[in-house]
Amino acid sequence: MNNVSCALTIAGTDPSGGAGIQADLKTFQELQTYGMSVITSVVAQNTTGVTSVHHMPINMIEDQLEVIIKDMPIHALKTGMIANKQMMEIISKKIEKMDAPYVMDPVMVATSGDSLIDTEARSFLREYLLPQTALVTPNIPEAEFITGHSIETLEDMKDAAKHIVDHFNADAALIKGGHMKAEAVDFLYDGSAMHTFSAKRINTKNTHGTGCTYSAAITSYLAKGYSMVEAVQKSKDFVTAAISKSFELGYGNGPTNHWAIRER
Ligand SMILES: Nc1ncnc2c1ncn2[C@@H]1O[C@H](COP(=O)(O)OP(=O)(O)OP(=O)(O)O)[C@@H](O)[C@H]1O
Ligand SMILES: Cc1ncc(CO)c(N)n1
């Protein structure tokens, strides 16, 4: 079978399996995309939080990227946790060589509240990686950091999506409303139109890794050749199902259910 769609994730790990590389690969597999991964940092974390982090040496990140570029097709890629500026520099250079849509999940803080990238990296991500993206998927605090504006209303979310495309040259921005109070509404601005993706808020604490799962699903659908709007709509359905059938596992925020969509 050589017409398989291939997706790559560049991110940190979650040994408890709900977020990071593990969530991405589960999502790619569930959506019948051939999944590949480059590990940036090994993170000792579970549903309650992060205890320690070990960053891969820069040359090891470079080698992982290079072996894939030399050998494998990449139809779409995403990045998650990239802890520091040095990692971003090498990843940015390698992404330039990949002729594929790039989805950036601008991971800064875990669901547990633990910081995953340093302060310098937050600015570098905004200035250097954002212009390379086909899509960036910030949650509310990440969108506030990127734009420098506070977000309280749905109008503020739309303004943030526009601001990111207009000021940072991302092709498109999807602002996720998981941290808002009412409906779970996300806004996508693609440089010409604003699209709304809405779902009923599910009353659960089990949201560990929702952002990773969502951006991995979008990456899968882009790898399969769907348009950006179609990819986001299908992924919204996927993540909503994954949250609605999430697992009551662990002592903290439990993980989402990557096979939930099969049962709908
Ligand atoms: N309780 C909920 N009910 C329904 N949808 C939700 C809920 N929480 C989050 N979502 C949806 O899940 C997706 C991920 O959004 P969210 O804002 O939670 O991302 P995130 O904060 O990056 O996730 P992470 O927890 O991985 O850091 C969005 O589509 C959001 O609307
Ligand atoms: C490695 C990693 N990436 C992203 C998140 C955000 O959920 C997390 N908790 N861990």
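One-based numbering, in listed order, for ligands and for the atoms of each.
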(request) Check ligand 1 against D186 and write out every atom of the ligand that is under 4.0 Å from a heavy-atom position of the residue. (result)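 So the answer, numbered in order with elements, is 28 (C), 29 (O), 30 (C), 31 (O).
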(request) For T207, take its heavy atoms, then give the atoms of ligand 1 lying under 4.0 Å from any of them. (result)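 Under 4.0 Å from T207, ligand 1 has these atoms: 25 (O).
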(message) Less than 6.0 angstrom from the centroid, inside 45 degrees of the normal: does K236 satisfy that with respect to the ring of F197?
(response)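 No, K236 and F197 do not form such a contact.
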I want to know if ligand 1 touches [X] in the polar sense, i.e. an N/O pair below 3.5 angstrom.
X    : answer
T210 : yes
D105 : no
I202 : yes

(request) Say whether Y128 and L135 are linked into one hydrophobic cluster, either directly or through other cluster members, by side-chain heavy-atom distances under 4.5 angstrom. (result)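 Looking at the clustering, L135 is in a separate group from Y128.
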(message) Could you check whether W259 and F247 have their ring centres less than 6.0 Å apart?
(response)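 Between W259 and F247, which both carry aromatic rings, the centre distance is below 6.0 Å.
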(request) Kindly assign one of parallel, tilted or perpendicular to the pair F238 and H258, based on the angle between their ring planes and the thresholds 30° and 60°. (result)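 Correct class here is tilted.
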(request) Starting from atom 12 (O) of ligand 1, find the nearest protein heavy-atom neighbour and note its residue, name and distance. (result)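 The answer is I243 CD1, 3.6 Å.
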(request) Identify, for atom 27 (O) of ligand 1, the protein heavy atom at the shortest distance, and state residue, atom and that distance. (result)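 Going atom by atom, the protein heavy atom closest to atom 27 (O) of ligand 1 ends up being T111 OG1, 3.9 Å.
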(message) My understanding is that we take every heavy atom of each candidate and find the minimum distance to atom 15 (O) of ligand 1. Doing that for H208, K236, K176, which one comes out nearest?
(response)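 The option holding the nearest heavy atom is K176.
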